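Quantities reported herein were computed from a predicted structural model and do not represent experimental measurements. In the text below, chain A, chain B and the rest are named by the order of the sequence lines, each starting its count at 1.
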Amino acid sequence: MRIATWNVNSLAVRLDQVLAFAGSARPDVFALQETKLPDERFPSAEIGAAGYRVLFSGQKSYNGVALLARGELLDASREIVGEPDPQRRWLAASFAGVRIIDVYIPNGESVGSEKYAYKLGWMERLCQGIAAELARHPELVVLGDFNVAPEPRDVHDPRVWEGKIMFSEPEREALRRLLGLGLHDVFRRFEQPEQEFSWWDYRMGAFRRNRGLRIDLILASDALAARCTACRIDKQPRRHQRPSDHAPVIAEFR
DNA sequence: ATGGTGGCGCGGCCA
């Protein structure tokens, strides 16, 4: 099974890039974030014509998550259990016996802001929600845009980013608590190039200078991580005309 | 340098 995740920063703008990537990488399950589309505008027909079934949980202008799959998606959930949230950031479903949870963790704006408090609260609720899902589904993947770089090697310059949004200690601690449920960042189970990132700011030539962060993650439960055979970031789409600011991440499971 | 680039949608918010 091949699983991919990509923050597309507007599916309306990036639909052709999504279909091109799906056609070449051919993921069985493809999680999208920041679709920025209300459900009535979701391009189900175009994606269906490419051979994917779809689930989506969108809103106008902001947020929005979607799951594309080459087969049935069962037992869909659009809210963390017991945690209604008007911001569409969670979409879970089961595919071929594997629980797939697509998340778009809040950005948090800046350390100490109201949005930062919302982010830390959301991550705490996420941890509870994933614990509940894990209790029912031992084979589970949590993937998406986490808006947190786990370790210094996931940041182009840790001295610059220390204490900043996406690399502050409370955010990394919240991510460690999530991993502590029995999840594995599968990217780090394989040899990887140094300075390998998944997001680069649009400004200041950050991509050209590889000033990025690795904030797009695929986390697998113990049972599933044991079956992971590869994980990589595909930087090619970030080189396109009108790119997303994120690159897709792909993992293989036997 | 509180900048800069991009999406949404048409002023200002969000990332």
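- Taking atom CZ on A:Arg203 and atom P on B:dC14, their separation rounds to 15 Å, with Å as the unit.
- Aromatic ring pairs are classed by plane angle as parallel below 30°, tilted from 30° to 60° and perpendicular above 60°; the pair A:Phe30 and A:Phe21 is tilted.
- Rounded to a whole angstrom, the distance from the C1' atom of B:dG3 to that of B:dA15 is 16 Å.
- One C1' atom belongs to B:dG12, the other to B:dA1, and the distance between them is 23 Å to the nearest Å.
- Separating the CD atom of A:Gln59 from the P atom of B:dG9 is a distance of 11 Å, rounded to the nearest angstrom.
- Distances from the side chain of A:Tyr62 to the nucleotides B:dA15, B:dG6, B:dG12 place B:dG12 closest.
- Nucleic acid contact for A:Arg89: sugar-phosphate only, since backbone atoms but no base atoms lie under 4.0 Å from a heavy atom of the residue.
- The side-chain tip of A:Arg2 does not point at the ring of A:Phe253 from less than 6.0 angstrom away and within 45° of straight on.
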* **A:Val148/A:Met123 under side chain to side chain contact (heavy atoms under 4.5 Å, CB included): CA gap, chis, key distance, verdict** => CA-CA 11 Å; A:Val148 182; A:Met123 291 185 78; 4.0 Å; yes
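- Across the interface with DNA chain B, nearest-nucleotide mapping of A:Ser61 and A:Asp145 shows A:Ser61 to be the residue nearer the 5′ end.
- Whole-Å rounding puts the A:Arg211 CZ to B:dT5 P distance at 15 Å.
- Across the protein-nucleic acid pair, A:Arg41 atom CZ and B:dG9 atom C1' stand 11 Å apart, rounded to whole Å.
- Nucleic acid contact for A:Phe207: none, since no nucleic acid atom lies under 4.0 Å from a heavy atom of the residue.
- Nucleotides B:dC14 and B:dG9, compared at atom P, are 14 Å apart to the nearest Å.
- Nucleotide B:dG4 holds its C1' atom 14 Å from the CG atom of A:Asp245, rounded to whole Å.
- Here the closest heavy-atom approach between residue A:Ala251 and residue A:Cys228 is recorded as CB-SG, 4.4 Å.
- Rounded to whole angstrom, the span from the CG atom of A:Asp201 across to the P atom of B:dC14 amounts to 17 Å.
- In this model, the phosphate group of B:dC8 is approached by a side-chain N or O of A:Ser10 to a distance below 4.0 Å at OP1 or OP2.
- The interatomic distance linking A:Asn7 (CG) with B:dG7 (C1') rounds to 12 Å, in whole Å.
- Ion pairing between a basic and an acidic side chain is recognised when a charged N comes within 4.0 Å of a carboxylate O; A:Arg188 and A:Asp154 show such pairing.
- For B:dC13, neither phosphate oxygen OP1 nor OP2 lies less than 4.0 angstrom from any side-chain nitrogen or oxygen of A:Lys115.
- When the nearest nucleotides of DNA chain B are assigned to A:Met204 and A:Arg242 by heavy-atom distance, the more 5′-ward of the two goes with A:Met204.
- The interatomic distance linking A:Glu109 (CD) with B:dT2 (P) rounds to 17 Å, in whole Å.
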